[in-house]
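Here is the structure we will look at.
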There are 2 protein chains.
Amino acid sequence: MHSINIQPQEVFQALADPTRIRIARLLAHTGEEACLCELVDSLMEPQYKLSRHLKILRQAGLLSAVKDGRWVYHRLVQGVPHLDRLYDMLKTLPDSDNLFANDLVNFRNRMCLREGGRCRVGIQTKILAVEGE
Amino acid sequence: MHSINIQPQEVFQALADPTRIRIARLLAHTGEEACLCELVDSLMEPQYKLSRHLKILRQAGLLSAVKDGRWVYHRLVQGVPHLDRLYDMLKTLPDSDNLFANDLVNFRNRMCLREGGRCRVGIQTKILAVEGE
DNA sequence: CGCATAGTTGCATTATAATGCAACTATGCA
DNA sequence: TGCATAGTTGCATTATAATGCAACTATGCG
């Protein structure tokens with residue numbers, strides 16, 4: 001994931017999807033790192049779907065991933081000038097239908113389940129794991 | 001072109017193309033407005049191609065267009081908070097291969113052909129008009 | 001060891017997007 | 001009035017991308 005090799009259009013392409021914007025907005029707004037199951041419970045989207053979107057964000061140099069046991073924590077890559085400005089832009093986006101506000105509430109509630117700053121409970125919305133009903 | 005109806009992913013999608021990034025970077029960096037033939041001579045891309053890319057940028061709320069005789073002048077829409085931050089990001093993008101620097105030189109040279117602040121000469125690179133050879 | 005579960009990925013399907021060609025409209029000028 | 005030219009767009013082709021399903025790997029815990 002060397003940002004030096006990533007073309008600008010790849011960065012914009014990575015954010016040219018509503019689900020990936022939801023992920024990036026959550027992380028930009030909270031400054032948090034999150035594992036896949038926390039994002040599944042926050043965005044209410046299938047695990048496999050978010051896993052693939054996270055991969056795209058990683059390949060675009062926007063996210064870094066750190067594995068910790070069964071969990072993989074994702075966070076926005078900091079310190080790259082144009083990316084830091086991109087995060088500023090994400091934080092300034094309008095939220096006319098309060099959809100992001102809803103994601104944010106879910107995310108904060110989900111983060112309350114952490115123990116010692118780590119996710120320990122797994123996917124709470126069981127229907128979103130493995131198969132969607 | 002009411003930016004209120006435009007979703008964030010449409011903005012990023014509009015910039016998820018190298019040619020459209022070249023256009024947006026030129027306008028963000030120079031703060032200028034430009035007509036199609038000036039962009040054709042600066043980017044050295046076919047007229048019909050740039051015309052379509054300009055339309056996509058307009059539909060995403062990034063560009064406004066003003067017609068003046070045969071010429072249509074395009075400029076970045078100003079005063080929208082998240083768009084202004086996007087332009088900041090564009091101005092911060094790296095240019096490792098100096099491709100943007102080259103576009104900028106061509107653009108500035110082309111702007112020297114203006115008379116009274118208006119484009120009056122038409123497409124200089126004739127091969128890029130109507131048909132590409 | 002063996003199960004539960006966090007996370008990943010191949011495949012098929014469907015939708016979207018970029019491009020070149022060529023025909024089109026619109027406008028100024030001789 | 002007719003031509004040159006700035007700019008737009010329909011069409012066909014090709015490439016790329018999003019999704020659901022299902023099978024897969026990896027790791028902790030009893």
Side-chain angles (χ1 to χ4, degrees), chain A residues 7 9-10 12-23 34-41 43 45-60 63 65-74 110 113 115 118-133, chain B residues 9-10 12-23 34-41 43 45-60 63 65-74 110 113-115 118-133:
Chain A
Q7 297 299 310
Q9 63 267 24
E10 298 178 75
F12 290 116
Q13 180 62 49
L15 289 173
D17 176 277
T19 304
R20 293 197 292 269
I21 291 177
R22 291 171 73 195
I23 295 170
C35 62
L36 177 53
C37 58
E38 290 171 328
L39 292 171
V40 167
D41 288 324
L43 303 185
E45 295 282 350
Q47 185 185 33
Y48 70 82
K49 181 178 174 180
L50 295 186
S51 174
R52 265 197 280 238
H53 282 308
L54 287 169
K55 182 178 182 179
I56 291 170
L57 289 169
R58 259 184 277 127
Q59 290 176 330
L63 290 186
V66 175
K67 189 166 187 174
D68 178 18
R70 274 177 293 181
W71 288 269
V72 179
Y73 291 90
H74 301 269
R110 184 57 170 73
L113 301 182
E115 298 168 22
R118 300 276 91 181
C119 178
R120 285 287 171 264
V121 298
I123 298 174
Q124 301 298 291
T125 318
K126 297 300 181 187
I127 206 172
L128 298 176
V130 185
E131 290 187 70
E133 186 171 10
Chain B
Q9 63 267 24
E10 299 177 76
F12 290 117
Q13 180 62 49
L15 289 172
D17 176 277
T19 304
R20 293 197 292 268
I21 292 177
R22 290 171 75 195
I23 295 170
C35 63
L36 177 54
C37 58
E38 290 171 329
L39 292 171
V40 167
D41 288 325
L43 303 185
E45 296 283 349
Q47 185 184 33
Y48 70 84
K49 180 178 175 180
L50 295 186
S51 175
R52 266 197 279 239
H53 282 309
L54 287 170
K55 183 178 183 179
I56 291 170
L57 289 169
R58 260 184 276 128
Q59 291 176 331
L63 289 186
V66 175
K67 189 166 184 174
D68 179 17
R70 275 178 291 182
W71 288 269
V72 179
Y73 291 90
H74 301 270
R110 184 58 170 73
L113 300 182
R114 283 197 177 183
E115 299 168 20
R118 302 274 91 180
C119 178
R120 285 286 171 264
V121 298
I123 298 174
Q124 299 299 289
T125 319
K126 297 300 181 187
I127 206 170
L128 298 175
V130 186
E131 292 187 69
E133 184 170 11

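Residue numbers start from 1 in every chain, and the chains themselves are labelled A, B, ... in the order their sequence lines are given, proteins ahead of strands.
Comparing B/Leu36 and A/Thr19 along DNA chain D, the residue whose closest nucleotide (by nearest heavy atom) sits nearer the 5' end is B/Leu36. Comparing B/Gly69 and A/Tyr73 by the nucleotide of DNA chain C that holds the closest heavy atom to each, the one mapping nearer the 5' end is A/Tyr73. The residue among A/Glu45 and B/Cys37 whose nearest nucleotide of DNA chain D is located toward the 5' end is B/Cys37.
A straight line from NZ of A/Lys49 to P of C/dG10 spans 20 Å, rounded to a whole angstrom. Atom CD of B/Gln13 and atom P of C/dT16 are 11 Å apart (whole Å). Between A/Asp17 atom CG and C/dT16 atom P the separation is 13 Å, expressed in whole Å. Computed from coordinates, the B/Ile123 CD1 to D/dA4 P distance equals 16 Å when rounded to whole Å. Straight-line distance from the CD1 atom of B/Ile56 to the C1' atom of C/dA18: 8 Å, rounded to whole Å. For the pair B/Gln59 CD and D/dT8 C1', the interatomic distance rounds to 12 Å; values are reported in whole Å. For the pair A/Leu50 CG and D/dG20 C1', the interatomic distance rounds to 14 Å; values are reported in whole Å. Taking atom CD of residue A/Gln47 and atom P of nucleotide D/dG20, one finds them 14 Å apart after rounding to whole Å.
Contact annotation: B/Tyr48 reaches the phosphate of C/dG20 (side-chain N/O to OP1 or OP2, under 4.0 Å). Residue A/Ser51 places no side-chain N or O under 4.0 Å from the OP1 or OP2 atom of C/dG7. Dashed line: the shortest gap from a side-chain N or O of A/Lys67 to OP1 or OP2 of C/dG7 is not under 4.0 Å. Note on A/His74: every side-chain N or O is 4.0 Å or more away from OP1 and OP2 of C/dG7. The side chain of B/Arg58 contributes an N or O atom lying less than 4.0 Å from OP1 or OP2 of D/dT8.
Of the candidate nucleotides D/dA6, C/dA26, C/dT9, C/dT9 has the atom lying nearest to any side-chain atom of A/Lys55. In this structure, the nucleotide among D/dG7, C/dA6, C/dT19 sitting nearest to the side chain of A/Arg70 is C/dA6. Here C/dG10 is the nucleotide among C/dG20, C/dG7, C/dG10 with the atom lying nearest to any side-chain atom of A/Arg52.
Atoms CG and NE2, on A/Leu63 and A/His53 in that order, are 12.5 Å from each other to the nearest 0.5 Å. The NE2 atom of A/His74 sits 9.5 Å away from atom CG of A/Leu50, with the distance rounded to the nearest 0.5 Å.
D/dG28 and C/dC3 make up a base pair, with Watson-Crick or G-U wobble contacts both under 3.5 Å. In this entry C/dA23 has D/dT8 as its Watson-Crick or G-U wobble partner, both defining distances falling under 3.5 Å.
Residue contacts shown for B/Leu54 are absent, as no nucleic acid heavy atom lies under 4.0 Å away. A/Cys119 comes within contact range of no nucleotide atom at all, as no heavy-atom separation falls under 4.0 Å. Backbone-only engagement by A/Arg20 is indicated by non-hydrogen atom pairs under 4.0 Å involving sugar-phosphate atoms exclusively.
Residues A/Cys37 and A/Arg110 have side chains in contact (heavy-atom distance under 4.5 Å, counting atoms from C-beta outward). The side-chain heavy atoms of A/Val72 and A/Leu36, taken from C-beta on, include no pair separated by under 4.5 Å. Using a 4.5 Å heavy-atom threshold, the side chains of A/Trp71 and A/Arg120 count as touching. No side-chain heavy atom of A/Val40 sits under 4.5 Å from any side-chain heavy atom of A/Glu45.
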